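Inspection log for the structure reproduced underneath, given as structure tokens.
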Amino acid sequence: QRAHTPTTTTAPTATRHIEAWPHSEPSRRRLPNMHYRNCHLCEAMCGVVVETRDGHITSIKGDEQDPFSRGHICPKALGLKDVHEDPNRLRHPVKRTADGWVEVSWREAFRDIAARLVALQREHGKNAVATYFGNPQVHSYSALLGGATLARSLRSIHRYSATSVDQLPHHFASLQLFGHQLLLPIPDVDRTQFLLVIGGNPLVSNGSLMTAPDLARRLKDLRKRHGQLVVVDPRRTETADVADQHLFIKPGTDAWLLLALLQVIFDEKLNTLDHLSSVTTGLDELKALVAPFTPEVAAKHTQIDTHQIRELARRFARAESAVCYGRMGVSTQEFGALCQWLIQALNIVTGNLDRPGGAMFTRPAFDALGLSSAMGQRGSFDRRRTRVRALPEFGGEFPVAALAEEILTPGDGQIKALVTAAGNPVLSTPNGRQLDRALAQLDFMVSIDIYINETTRHAHYILPPTFGLERDHYDLIFHALAIRNTTKYADALLKPSPNSMHDWQIFDQLVEHIEAADPSRKRPWLERLRAKWLTPKRSIALGLRFGPYGARWNPIGKGLTLAKVAAAPHGIDLGPLKPCLPNRLFTRDKMITLVPPIFRKDLERLHQSATDASVNASTLSLIGRRDLRTNNSWLHNSRRFVKGPNRCTLLMNPIDASARHLENGAMVTVTSRVGSVHAELKITDEIAPGVVSLPHGWGHDREGIKLDVARAHPGVSVNDLTDEQHLDSLCGNAALNGVPVTVS
Ligand SMILES: Nc1nc2c(c(=O)[nH]1)N[C@H]1C(S)=C(S)[C@@H](COP(=O)(O)OP(=O)(O)OC[C@H]3O[C@@H](n4cnc5c(=O)[nH]c(N)nc54)[C@H](O)[C@@H]3O)O[C@H]1N2
Ligand SMILES: Nc1nc2c(c(=O)[nH]1)N[C@H]1C(S)=C(S)[C@@H](COP(=O)(O)OP(=O)(O)OC[C@H]3O[C@@H](n4cnc5c(=O)[nH]c(N)nc54)[C@H](O)[C@@H]3O)O[C@H]1N2
Ligand code: SF4
Ligand SMILES: [Mo]
């Protein structure tokens with residue numbers, strides 16, 4: 001049924017223009033087949049050596065000479081090759097017609113897309129067009145910079161991204177505490193003596209908001225220096241398995257635990273602000289606030305015993321250095337922002353913020369944070385609300401849990417068209433079935449993506465960019481979240497096919513064509529000229545030159561330039577993280593207010609939740625899971641990543657299974673408020689009683705996708721169960737964990 005009629009394709013000038021920039025890469029000249037770069041698939045930034053022969057990738061290995069990752073890679077690195085060579089990967093723009101997908105020229109696509117977006121905005125207002133940017137956007141510096149330009153050009157308030165199904169609470173807490181949403185404290189894993197991980201599984205995820213390649217070895221080193229690792233998680237995870245202690249916790253109750261840890265610390269006078277006393281206010285207020293939250297109270301909610309809570313507080317506070325780190329499990333739950341605040345409060349009152357072995361701030365060579373702050377963009381909250389549910393804006397975006405209803409609900413400001421880039425929200429956001437229905441009724445949709453998948457199948461046009469090794473790479477975001485300051489740049493390795501475009505060029509052309517279709521949006525000529533000149537690569541070059549380690553105007557001698565960074569193909573180590581307070585604070589008074597009023601108020605909601613307890617005995621609490629061979633939804637079209645036993649299984653504790661007379665391997669029906677799925681049951685005591693776990697990113701059985709391998713190993717989507725109404729109502733982040741379900 002799919003008509004693949006190739007039409008003549010003419011590339012606009014931007015595609016033919018291969019950027020010229022002076023570099024010297026001596027090692028590449030010596031060994032013409034070896035190429036060094038960071039793997040961009042997850043946050044760990046592992047250095048890889050890619051060997052090519054005649055333009056074909058013959059091997060991908062860990063780069064032993066990378067000073068940061070020291071040879072480590074995970075199985076996913078081969079995804080760089082598999083996706084590149086995937087026969088299902090789109091290589092031309094395609095348009096959906098009554099006869100299926102047909103190839104079209106870039107020029108035709110851009111003209112039609114711009115005309116239709118502009119027409120819809122003329123008819124229904126600017127806010128009729130929405131954007132959704134997914135996770136791989138932040139793994140490509142040029143896509144990231146290009147995407148921002150498109151969003152500006154569209155001038156719509158309807159901006160969405162994967163941030164609100166992920167790390168939004170971290171940004172929220174940082175904005176409140178440190179005055180900048182991007183100033184995230186990073187655990188100083190290499191020097192700490194006590195690492196408390198709450199709701200993270202870095203041995204599988206390879207770390208998040210904590211770029212630390214080869215974490216397994218770093219954790220072994222922690223043990224060698226007699227440090228301790230404690231994991232709090234409703235599942236005995238791979239990370240919990242190597243920990244000194246694992247505490248099961250009831251999903252969604254971490255705030256009670258954190259409050260009790262603080263209570264014990266104050267009660268037993270274990271608090272010490274130390275070097276932070278001159279930058280912190282509100283210690284007494286915090287002490288009074290947490291006083292009622294005793295371990296006895298916390299034990300009731302968390303199901304962790306009082307003795308263990310007290311002991312944990314003591315060990316944390318008495319450790320030579322300690323850091324509490326909380327990730328997806330505590331972010332994507334009903335009290336995500338509250339948890340992230342309390343985690344930093346714990347680090348602060350024990351004197352562990354901004355000191356070696358504690359939670360520290362980075363000083364990246366390209367300092368996006370300094371730049372954004374210079375432009376007055378430190379973050380924003382609640383400047384406006386969504387039309388249907390009045391959910392607050394954060395950082396210029398609305399919560400993606402509101403996207404479907406904003407499309408489906410008629411009235412002024414309804415979304416009529418959507419542009420997605422590098423995202424698969426049908427599988428990655430709560431109540432994916434509802435979003436599926438919503439996308440199907442859009443007047444117009446465009447996706448910038450390399451696949452026809454569960455989301456992009458609804459698009460009228462799909463514009464496929466280059467991938468991975470076909471473009472140059474600089475980790476704009478992850479250098480800024482790394483446990484050491486490092487820097488690395490790599491040129492493109494593979495020549496993209498002549499008719500292809502990079503993500504940023506696609507964004508650039510969309511903007512140009514929108515301006516052509518609506519001259520009133522044309523930027524002043526000076527701004528256009530600046531935008532033409534300031535390509536993403538030149539932005540990086542400028543950022544490095546004028547960044548904290550930059551050469552500035554100095555043509556010779558010390559200081560970084562892009563050319564110097566490029567000449568060090570294994571990357572440059574800029575040393576361990578350094579204390580930087582109060583200078584690095586962005587608060588007006590250069591102080592940290594320990595109890596921001598907004599969190600004090602949110603504690604009332606926590607209290608309320610305790611009295612709400614609408615849970616009945618048959619309800620289980622659903623949480624998520626990742627495994628080493630996944631990357632959210634999009635690596636499942638590679639055989640090596642899906643072969644072997646089914647991994648999309650529902651984990652359940654033997655107690656719950658026997659209460660339901662269920663046997664291992666049975667097909668069970670899992671039902672939530674929004675839907676139900678059938679999954680294979682795996683009975684295991686690695687999961688706490690009362691809790692079940694299903695991984696996300698699966699569910700490739702939707703009609704019309706073009707993913708041959710994934711289709712054969714579809715699994716089910718956990719986000720057909722997660723609930724768009726179940727969120728952290730303080731900041732709007734989705735509560736993907738702790739969803740009430742029944743299993744039969
Ligand atoms: N229940 C549940 N849901 C979750 C999570 C969870 O733990 N549980 N995790 C959440 C998290 S942390 C995240 S980050 C989100 C991810 O949510 P999304 O970003 O929406 O989903 P991905 O699966 O990462 O989809 C990435 C898309 O980008 C495309 N792509 C890959 N590389 C490129 C590229 O270079 N350019 C372009 N243009 N496209 C590219 C892929 O084909 C794919 O369609 O999912 C969230 N959803
Ligand atoms: N292999 C692989 N690696 C990945 C990804 C992937 O899909 N696959 N995705 C990448 C992305 S986009 C991200 S954001 C990171 C995420 O990185 P992580 O946060 O480290 O990964 P998760 O596996 O989601 O870990 C969340 C943990 O929280 C636990 N949990 C669930 N609910 C609760 C709760 O209420 N309280 C507590 N204390 N714990 C809870 C879960 O059992 C789980 O072990 O991983 C990245 N790396
Ligand atoms: S851990 Fe992440 S960065 Fe390292 S090889 Fe695996 S996917 Fe790539
Ligand atoms: Mo993520």
Side-chain angles (χ1 to χ4, degrees), residues 38-48 60-62 69 72-80 83 86 88-90 132-140 142-143 146-147 160-167 201-202 204-209 211-215 327-329 331-332 400 420-430 432 447-456 462-468 470-471 475 478 502-504 506-507 622-626 628-637 693-698 707 717-722 734-737 739:
N38 283 346
C39 169
H40 76 286
L41 294 176
C42 87
E43 302 180 31
M45 292 200 309
C46 299
V48 290
I60 298 180
K61 293 197 180 115
S69 65
H72 175 263
I73 51 167
C74 84
K76 277 198 299 292
L78 289 168
L80 295 173
V83 174
D86 191 338
N88 285 150
R89 187 183 140 196
L90 291 175
Y132 173 85
F133 293 156
N135 170 280
Q137 276 289 104
V138 292
H139 291 270
S140 161
S142 55
Y160 300 84
S161 82
T163 292
S164 49
V165 278
D166 190 349
Q167 81 288 0
N201 187 12
V204 166
S205 66
N206 285 297
S208 179
L209 305 185
T211 290
D214 198 6
L215 195 79
R327 203 42 201 102
M328 280 297 282
S331 307
T332 52
V400 69
T420 74
N424 192 0
V426 165
L427 292 192
S428 61
T429 68
S447 291
I448 302 169
D449 206 290
I450 47 183
Y451 288 116
I452 302 175
N453 64 20
E454 298 75 12
T455 296
T456 63
I462 307 176
L463 307 175
T466 53
F467 179 74
E470 293 167 337
R471 54 191 188 217
D475 273 296
F478 301 106
H502 298 305
D503 284 273
W504 73 269
I506 296 174
F507 287 120
L622 175 70
I623 62 165
R625 180 163 101 240
R626 290 176 151 78
L628 212 46
R629 286 181 293 148
T630 58
N631 197 22
N632 299 326
S633 76
W634 65 281
L635 282 189
H636 292 155
N637 208 42
S693 160
L694 197 62
H696 81 286
W698 299 86
L707 299 162
S717 176
V718 71
N719 287 321
D720 291 351
L721 296 170
T722 56
L736 304 167
N737 290 301
V739 179

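Throughout, numbering of the chain's residues begins at 1 and tracks the sequence. Computed from a prediction, not measured in an experiment: that's the story for all the values here. Hydrogens, waters and symmetry mates are skipped; everything else that's a heavy atom, side chains included, is used. Order of listing sets the numbers, starting from 1, for every ligand and every atom in it.
Among all non-hydrogen protein atoms, the one lying nearest atom 33 (C) of ligand 1 is Pro136 CB, 3.9 Å. Nearest non-hydrogen protein atom to atom 13 (C) of ligand 1 is Asn632 ND2, 4.0 Å. In terms of protein heavy atoms, atom 41 (C) of ligand 1 is closest to Asp449 OD1, 3.5 Å. Given atom 10 (C) of ligand 1, the protein heavy atom at minimum distance is Val165 O, 3.4 Å. What sits closest to atom 4 (C) of ligand 1 on the protein, heavy atoms only, is His696 CD2, 3.4 Å.
Separation of atoms CZ (Arg327) and CG (Asn201) is listed at 12.5 Å; rounding is to 0.5 Å. Atom SG of Cys39 and atom CD1 of Ile73 lie 8.0 Å apart (nearest 0.5 Å). Note that CG of Asn631 is 8.5 Å distant from SG of Cys74, once rounded to the nearest 0.5 Å. Here OG of Ser447 is found 6.0 Å from CD1 of Ile462. Values are rounded to the nearest 0.5 Å. Residue Phe467 holds its CZ atom at 9.5 Å from CG of Asp86, rounded to the nearest 0.5 Å. From Ile452, atom CD1 reaches atom CG of Asn88 across 8.5 Å, with rounding to the nearest 0.5 Å.
Which parts of ligand 1 touch Val718 is read off a 4.0 Å heavy-atom cut-off, strictly below it: atoms 1 (N). Below 4.0 Å from some heavy atom of Asp166 lie the following atoms of ligand 1, by number and element: 12 (S), 14 (S). For ligand 1, the atoms lying closer than 4.0 Å to a non-hydrogen atom of Ser633 are 22 (P), 23 (O), 25 (O). Residue contact check: Tyr132 has heavy atoms under 4.0 Å from atoms 17 (O), 18 (P), 20 (O) of ligand 1. Against a heavy-atom cut-off of under 4.0 Å, Pro425 is close to the following atoms of ligand 1: 20 (O). Set against the non-hydrogen atoms of Tyr451, the atoms of ligand 1 under 4.0 Å away are 42 (O).
Both the backbone and the side chain of Asn424 come within 4.0 Å of ligand 1, judged by heavy-atom distances. Residue-level proximity to ligand 1 for Met328 is carried by the side chain, the only part with a heavy atom below 4.0 angstrom. Counting heavy atoms closer than 4.0 Å to ligand 1, residue Thr429 contributes nothing at all. Contacts of Asn719 with ligand 1, taken as heavy-atom pairs under 4.0 Å, involve the side chain alone. Under 4.0 Å from ligand 1, the heavy atoms of Arg471 that appear belong solely to its side chain.
Although no hydrogens or angles enter the test, the distance criterion places a donor-acceptor pair under 3.5 Å between the side chain of Thr455 and the main chain of Val426. Between the side chain of Thr211 and the backbone N or O of Ala44, no donor-acceptor pair lies under 3.5 Å. No donor-acceptor pair under 3.5 Å is formed between the side chain of Thr420 and the backbone N or O of Gly423. A distance-only check finds a donor-acceptor pair linking the side chain of Asn719 to the backbone of Leu427 [under 3.5 Å]. Side chain of Gln167 to main chain of Ser331: no donor-acceptor pair is present (N/O by atom type, distance under 3.5 Å, no hydrogens or angles).
In terms of polar-atom proximity, defined here as any N/O pair under 3.5 Å, Thr466 makes no such contact with ligand 1. Remark: ligand 1 and Ser428 share an N or O pair separated by less than 3.5 Å (distance only, no angle test). Polar contact with ligand 1: absent for Pro465 (N/O pair, distance under 3.5 Å).
The closest approach between any non-hydrogen atom of Arg626 and ligand 1 is below 4.0 Å.
If you check the side chains of Asn632 and Arg626, you find a donor sitting under 3.5 Å from an acceptor. Between the side chains of Ser633 and Asn424, at least one donor N or O lies within less than 3.5 Å of an accepting N or O. For the residue pair Ser208/Glu43, the side-chain donor-acceptor check at 3.5 Å is satisfied.
In this structure, His40 has its ring center no closer than 6.0 Å to that of Phe478.
Residue Pro465 comes nearest to Leu463 through the heavy atom pair CD-O, 3.4 Å, listed as atom of the first residue, atom of the second, then distance.
Comparing Ser208, Ala422, Gly134 against atom 40 (C) of ligand 1, the shortest heavy-atom distance belongs to Ala422. Considering only non-hydrogen atoms, atom 38 (N) of ligand 1 lies nearest to Asp503 out of Thr630, Asp503, Asn135.
Inter-residue side-chain proximity for Arg89 and Asn637 is flagged as unmet; no heavy-atom pair is nearer than 4.5 Å.
Around ligand 3, the residues contributing at least one heavy atom under 4.0 Å from the ligand are Cys39, Leu41, Cys42, Ala44, Met45, Cys46, Ile73, Cys74, Lys76, Ala77, Asn206.
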